[in-house]
Amino acid sequence: MIEVNQIKKVYKDGNFALKGVSFKIDKKITSIIGQNGAGKTTLIRILSTQLLPSSGKASINGYDVVKNPYKVREITVSIPQEARPMLWYNSIDLVRMYLCARGMNMIKAKPVAEAAIKRVGLWDSRYKLAGDLSGGQKRKILVAMALASDADVIFLDEPTTGLDPLSRIEVWSAIKAIKGQVILTTHYMEEAQALSDDVIMMEKGKVISQGSVGELLKSFYGLVRVESKRRIKGRTSYKVGNTWISYVEKKKAESFVLKDDIIKPISLDDIFIKKGVNLES
Amino acid sequence: MNLNYIVGHVVIGARSIKVNWPYMVSNLAFPLSLLFVVGILSQGKLLPFALVGGLLSIIAMNGITAVSYLGSLKFDYIYQDLIMTTKTSKIDYMFAHLLGELVWIIPSVVLYFVLDIIFSILTPYTFLMTLFLGALVSVATYSISFWFSGVVKNNRYTPAIGTVLGLLMITLPPTFYPYTYLPKSALYILTFIPTTPAVILAQGVFGIAPMQWYMLPVLIIETLAYFLIAKYLTKWRED
Ligand SMILES: Nc1ncnc2c1ncn2[C@@H]1O[C@H](COP(=O)(O)OP(=O)(O)OP(=O)(O)O)[C@@H](O)[C@H]1O
Ligand SMILES: [Mg+2]
């Protein structure tokens with residue numbers, strides 16, 4: 001159970017990154033979504049004790065992240081958004097060293113690291129130095145670190161950014177196999193939809209919605225999204241870049257749109273669009 | 001204290017020798033070339049000094065160049081943030097990397113001891129004292145590096161800091177000549193640099209300059225002070 005109460009963060013340069021964020025998470029997998037700069041990473045760094053909040057309270061399974069960081073670190077794993085594996089080690093050694101950092105001895109860590117590397121699909125290149133792996137394979141090493149550690153709560157900041165579609169599915173199934181509670185951030189709406197029991201939507205340092213994908217999309221039931229070059233008459237349209245977006249009943253859509261209009265199924269993007277957030281899909 | 005991390009990092013780290021061997025070479029290159037220059041300029045007279053100081057310089061250099069390495073782990077690899085959220089404390093982290101990096105100077109240290117034997121200045125006493133002084137210098141210089149890697153806001157600064165600190169730690173103290181050459185005032189100022197008391201003591205231990213035992217507490221207190229700075233003042237969790 002993660003409880004966040006009125007967390008605010010003002011960075012030293014005056015940047016007001018979190019403007020009072022509150023929520024509770026008790027579901028298995030939660031996705032945090034939001035535009036670049038929404039405050040996702042800031043929030044995750046605060047929850048995983050890398051960054052101190054300016055004010056507010058947050059706790060992980062009852063342990064306060066400010067007052068009791070050591071306890072929080074014992075039960076959580078956090079893979080930073082921009083972390084890169086050190087290029088001069090192979091993937092198994094990297095996971096092993098990470099497990100040692102978590103307190104396991106290096107002998108015991110070996111089979112655990114190997115199992116995790118297998119799980120993320122890196123077995124065939126396990127002896128290659130990380131520097132000789134592709135960008136996506138490097139990210140998979142970091143996911144393997146999270147998998148290998150038997151933590152209660154796992155924070156993954158954009159775990160699948162840069163992965164090809166197949167690898168992404170591979171990592172999804174690895175994430176689903178994690179025993180503990182997972183909190184991840186993502187820019188891929190289909191990822192949030194495919195993985196999460198709970199979604200938190202952030203915008204400019206605030207939480208604007210929280211709920212299951214079904215709950216969040218309830219108001220769009222029976223609708224599709226129409227993207228067109230012009231404003232559709234008689235409908236509320238939202239401008240994103242130079243595209244107009246409106247929502248039309250599924251049945252009517254075919255007859256209603258022009259040839260170069262695009263019809264798309266509803267996704268979490270649409271919540272942002274409806275709230276007036278400029279989100280390129 | 002997370003010994004598992006320290007051991008794991010050092011042992012697994014040492015296996016990256018295939019990639020890291022240039023460090024072994026570069027750790028040898030600087031003091032050996034100075035040894036050569038000093039030997040030529042003094043027509044061999046200062047060679048014992050250069051030998052005694054050379055070994056301590058290698059250790060100090062290893063500690064000081066770590067500022068770039070630690071900075072790179074912190075800023076380029078976000079490795080410090082990754083490790084911060086584990087059982088590993090900042091001092092575990094510092095010692096794991098200190099010992100991990102010492103591996104790359106083992107050949108240099110061995111070579112220096114061999115040279116000491118060739119010039120017949122090595123005894124069990126000088127050997128043990130050198131290791132002791134080396135350990136203090138290593139902790140002091142590595143602490144300074146660790147602290148600086150936390151001060152800077154991005155990694156562009158660390159090579160420059162490393163160069164300046166390298167000059168301060170190795171070139172200014174009397175590492176390659178008798179400390180008695182230095183004017184008293186300069187000596188007192190340079191005492192704040194941990195290599196200075198270490199070198200003065202080493203020259204005394206090897207019997208090539210008068211012994212100044214009072215430099216021993218100076219070195220120990222300095223090392224402790226730099227260590228405490230690293231322990232309490234180094235930025236770890238960001239605020
Ligand atoms: N170290 C920092 N110092 C000052 N401001 C920062 C710092 N880190 C982030 N910010 C600012 O805080 C805000 C939130 O950033 P954050 O990294 O949390 O966003 P994000 O939602 O993770 O974005 P992205 O999707 O791009 O990763 C941004 O306006 C950013 O410029
Ligand atoms: Mg981010």
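Computed from a predicted model, the values in this text were never measured in an experiment. Only this structure's heavy atoms are used, side chains among them; waters, hydrogens and symmetry mates stay out. Note on naming: letters A, B, ... go to the chains in the order of the sequence lines (proteins, then strands), and numbering restarts at 1 for each one.
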Could you work out all donor-acceptor pairs shorter than 3.5 Å where one atom is in chain B and the other in chain A?
| from | atom 1 | to | atom 2 | distance (Å) |
| --- | --- | --- | --- | --- |
| B:Asn2 | ND2 | A:Cys100 | O | 3.2 |
| B:Asn2 | ND2 | A:Ala101 | O | 2.9 |
| B:Asn4 | ND2 | A:Gly103 | O | 2.8 |
| B:Arg15 | NH2 | A:Asp93 | OD1 | 2.8 |
| B:Arg15 | NH2 | A:Asp93 | OD2 | 2.8 |
| B:Asp76 | O | A:Arg84 | NE | 3.2 |
| B:Tyr77 | O | A:Arg84 | N | 3.1 |
| B:Asp81 | OD2 | A:Arg45 | NH2 | 3.0 |
| B:Met84 | O | A:Arg73 | NE | 3.3 |
| B:Thr86 | OG1 | A:Ala101 | O | 3.2 |
| B:Lys87 | N | A:Ala101 | O | 3.4 |
| B:Thr88 | OG1 | A:Ala101 | O | 2.8 |
| B:Arg237 | NE | A:Thr49 | O | 3.3 |
| B:Arg237 | NH1 | A:Val65 | O | 3.4 |
| B:Arg237 | NH2 | A:Val65 | O | 2.7 |
| B:Glu238 | N | A:Gln50 | O | 2.9 |
| B:Glu238 | O | A:Leu52 | N | 2.9 |
| B:Glu238 | OE1 | A:Arg45 | NH1 | 3.2 |
| B:Glu238 | OE1 | A:Arg45 | NH2 | 3.1 |
| B:Asp239 | OD1 | A:Lys12 | NZ | 2.9 |

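Shown here is B:Tyr125, whose OH atom has more than 12 heavy atoms of other residues, nucleotides or ligands within 6.0 Å. More than 12 heavy atoms of other residues, nucleotides or ligands shown are found within 6.0 angstrom of CZ on A:Phe23.
Residue B:Thr191 comes nearest to B:Pro197 through the heavy atom pair O-CD, 3.6 Å, listed as atom of the first residue, atom of the second, then distance.
Chosen from A:Leu52, A:Val72, A:Ile107, the residue pairing most often with chain B at heavy-atom distances under 4.5 Å is A:Leu52. Residue with the most contacts toward chain A among B:Val19, B:Ile12, B:Val11, B:Leu73: B:Ile12 (heavy-atom pairs, distance under 4.5 Å).
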Problem set entry | B:Phe113/B:Leu122 under side chain to side chain contact (heavy atoms under 4.5 Å, CB included): CA gap, chis, key distance, verdict | CA-CA 7 Å; B:Phe113 281 131; B:Leu122 199 71; 3.6 Å; yes
For this session: Please assess B:Leu55 against B:Thr130 for the test side chain to side chain contact (heavy atoms under 4.5 Å, CB included), listing each intermediate value before the final yes or no.
Result: CA-CA 8 Å; B:Leu55 182 52; B:Thr130 307; 3.3 Å; yes
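A heavy-atom distance below 4.5 Å is found between the side chains of B:Leu32 and B:Tyr112. Counting heavy atoms from C-beta on, the side chains of A:Val4 and A:Ile2 come closer than 4.5 Å.
Only the backbone of A:Met104 comes within less than 4.5 Å of a heavy atom in chain B; its side chain stays farther off.
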